[in-house]
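Let me begin by handing over the structure; questions about it come next.
Atoms considered below: every heavy atom in the structure, side chains included; atoms not considered: hydrogens, waters and symmetry mates. Numbers restart at 1 for each chain; the letters A, B, ... are given by sequence-line order, proteins then strands.
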2 protein chains.
Amino acid sequence: MAYPIVGAADADLCEQGRDLIRDVLERIGDKWSVVVICQLGDTTRRFNELRRMSEPITQRMLSATLRGLERDGLVTRTVHDTKPPRVDYALTPRGVSLLEVVRALAGWAEHNAAGILDSRTAFDAR
Amino acid sequence: MAYPIVGAADADLCEQGRDLIRDVLERIGDKWSVVVICQLGDTTRRFNELRRMSEPITQRMLSATLRGLERDGLVTRTVHDTKPPRVDYALTPRGVSLLEVVRALAGWAEHNAAGILDSRTAFDAR
DNA sequence: CTGGATCCTCGTAGATACTG
DNA sequence: CAGTATCTACGAGGATCCAG
């Protein structure tokens with residue numbers, strides 16, 4: 001099932017959902033969550049794999065980001081008792097659904113990036 | 001026209017669009033932009049009107065938020081030379097399109113809020 | 001390899017007071 | 001009414017070292 005995009009009737013969904021929206025934005029609004037979610041979009045990844053793909057993220061922030069995502073049930077963390085140790089991360093179904101919303105965001109960004117940049121330069125020219 | 005939500009083919013849209021997504025998130029990821037955009041969703045508003053509706057925002061932050069949104073071509077600022085002075089803010093078409101994306105986000109939040117809270121308490125119970 | 005612990009810096013937002 | 005100016009506090013995030 002898809003999520004309502006326009007929802008003409010629920011103009012007050014924003015009004016009611018202020019805290020809700022803030023929660024989501026605080027979840028994905030930090031510096032690295034979206035990046036990590038995107039990297040996990042298609043497949044399972046290991047820690048240092050994510051680290052390289054998400055450069056220039058620091059170890060500390062990748063660790064913290066993954067822990068936060070795991071806490072919210074957006075990614076799974078699987079420890080393999082091998083030597084050397086190996087930990088796999090992957091998106092949960094909920095994480096996948098968030099990824100779709102993020103893709104909608106990316107689509108909007110793509111459509112409007114040029115226009116926004118134009119507006120900025122025009123605005124700054126004063 | 002709607003924006004692609006799923007986009008099975010463009011799995012790398014996230015990969016390419018990292019900076020793009022970050023731009024959007026920096027735009028709406030701050031504490032007040034989404035709130036203001038929602039309040040402007042249906043109609044034109046004046047400064048102190050927005051101020052009251054967006055409590056507990058401070059004058060400074062409302063001013064800064066509106067300036068940022070205006071800079072990106074998301075809201076218009078109309079000064080009326082009356083006495084006392086009066087300034088009207090309203091969404092541009094681009095701002096309306098962003099509002100729709102924000103509503104999609106709100107929808108996701110609504111659908112998943114309970115599950116996320118459950119995950120958190122379960123995670124914290126360890 | 002996969003992290004945890006510590007220290008430190010730098011930006012952002014709040015409080016407050018003032019202006020056209 | 002519609003802002004600006006200044007000062008301060010707080011917290012996210014980077015650097016670095018250490019551990020299982």
Closest approach to the side chain of A:Asn48, judged atom by atom: which nucleotide of D:dC1, C:dC1, C:dG3 is it?
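Ranking D:dC1, C:dC1, C:dG3 by closest atom to the A:Asn48 side chain puts C:dC1 first.
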
Please give, in whole Å, the distance from D:dG3 P to B:His80 NE2?
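Rounded to the whole Å, the gap is 12 Å.
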
Could you list, one pair per line, each protein nitrogen or oxygen that sits under 3.5 Å from a nitrogen or oxygen of nucleotides 11-17 of chain D, together with the distance?
unit_1, atom_1, unit_2, atom_2, d
D:dG13, OP1, A:Lys31, N, 3.3
D:dG13, N7, A:Arg60, NH2, 2.6
D:dG14, OP1, A:Lys31, NZ, 3.1
D:dG14, N7, A:Arg60, NE, 3.4
D:dG14, O6, A:Arg60, NE, 3.1
D:dG14, O6, A:Arg60, NH2, 3.4

Does the side chain of A:Arg51 come under 3.5 Å of the side chain of A:Thr58 through a donor N or O and an acceptor N or O?
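No, no side-chain donor-acceptor pair sits under 3.5 Å.
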
Where do A:Ile28 and A:Leu98 come nearest, in terms of heavy atoms and distance?
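For A:Ile28 versus A:Leu98, the nearest heavy atoms are CG2-CD2, 3.6 Å.
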
For the pair made of CG in B:Asp88 and P in D:dC1, what is the distance, rounded to whole Å?
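Answer to the nearest Å: 14 Å.
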
Taking NZ, NE, NH1 and NH2 as the nitrogens, is one of them in B:Asp118 or B:Arg120 under 4.0 Å from a carboxylate oxygen of the other?
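Between B:Arg120 and B:Asp118 there is no salt bridge, as every charged N stays at least 4.0 Å from the carboxylate O atoms.
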
Distance check: side-chain N/O of A:Ser63 vs OP1/OP2 of C:dG4, anything under 4.0 Å?
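A:Ser63 to C:dG4 OP1/OP2: side-chain N or O found under 4.0 Å.
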
Decide whether B:Thr121 and B:Asp124 meet the rule of one side-chain donor and one side-chain acceptor closer than 3.5 Å.
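Distance-only check fails for B:Thr121 and B:Asp124.
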
What integer distance in Å separates A:Glu26:CD from C:dA13:P?
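Distance check: A:Glu26 CD to C:dA13 P gives 12 Å.
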
Distance-only polar pair, side chains of B:Ser97 and A:Trp108, donor-acceptor under 3.5 Å:
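Checked: B:Ser97/A:Trp108 side chains pair up, N/O donor to acceptor below 3.5 Å.
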
Rounded to whole Å, please give me the gap between CG in B:Leu62 and C1' in D:dA2.
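The answer, rounded to whole Å, is 10 Å.
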
Rounding to a whole Å, what distance do you find between A:Arg67:CZ and C:dG4:C1'?
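A:Arg67 atom CZ is separated from C:dG4 atom C1' by 8 Å.
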
Between B:Asp81 (CG) and D:dC1 (P), how many Å, whole number?
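Going from B:Asp81 (CG) to D:dC1 (P), I get 17 Å.
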
Beyond-backbone contact of B:Asp30 with B:Ser33, side-chain heavy atoms, under 4.5 angstrom:
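When only atoms from C-beta onward are counted, B:Ser33 and B:Asp30 do touch, with a gap below 4.5 Å.
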
Rounded distance (Å) that lies between atom P of C:dT2 and atom CZ of A:Arg77
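One finds 10 Å between P of C:dT2 and CZ of A:Arg77, rounded.
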
Calculate the interatomic distance between B:Leu66 atom CG and D:dG3 atom C1'; express it in whole Å.
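Checked: the CG to C1' distance equals 11 Å.
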
For A:Arg77 and A:Tyr89, which I'm curious about, is there any donor-acceptor pair between the side chains at under 3.5 Å?
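Present: a donor and an acceptor within the cut-off.
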
Phosphate-side-chain proximity, A:Arg86 and C:dT2, N/O vs OP1/OP2 below 4.0 Å
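No, outside the criterion.
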
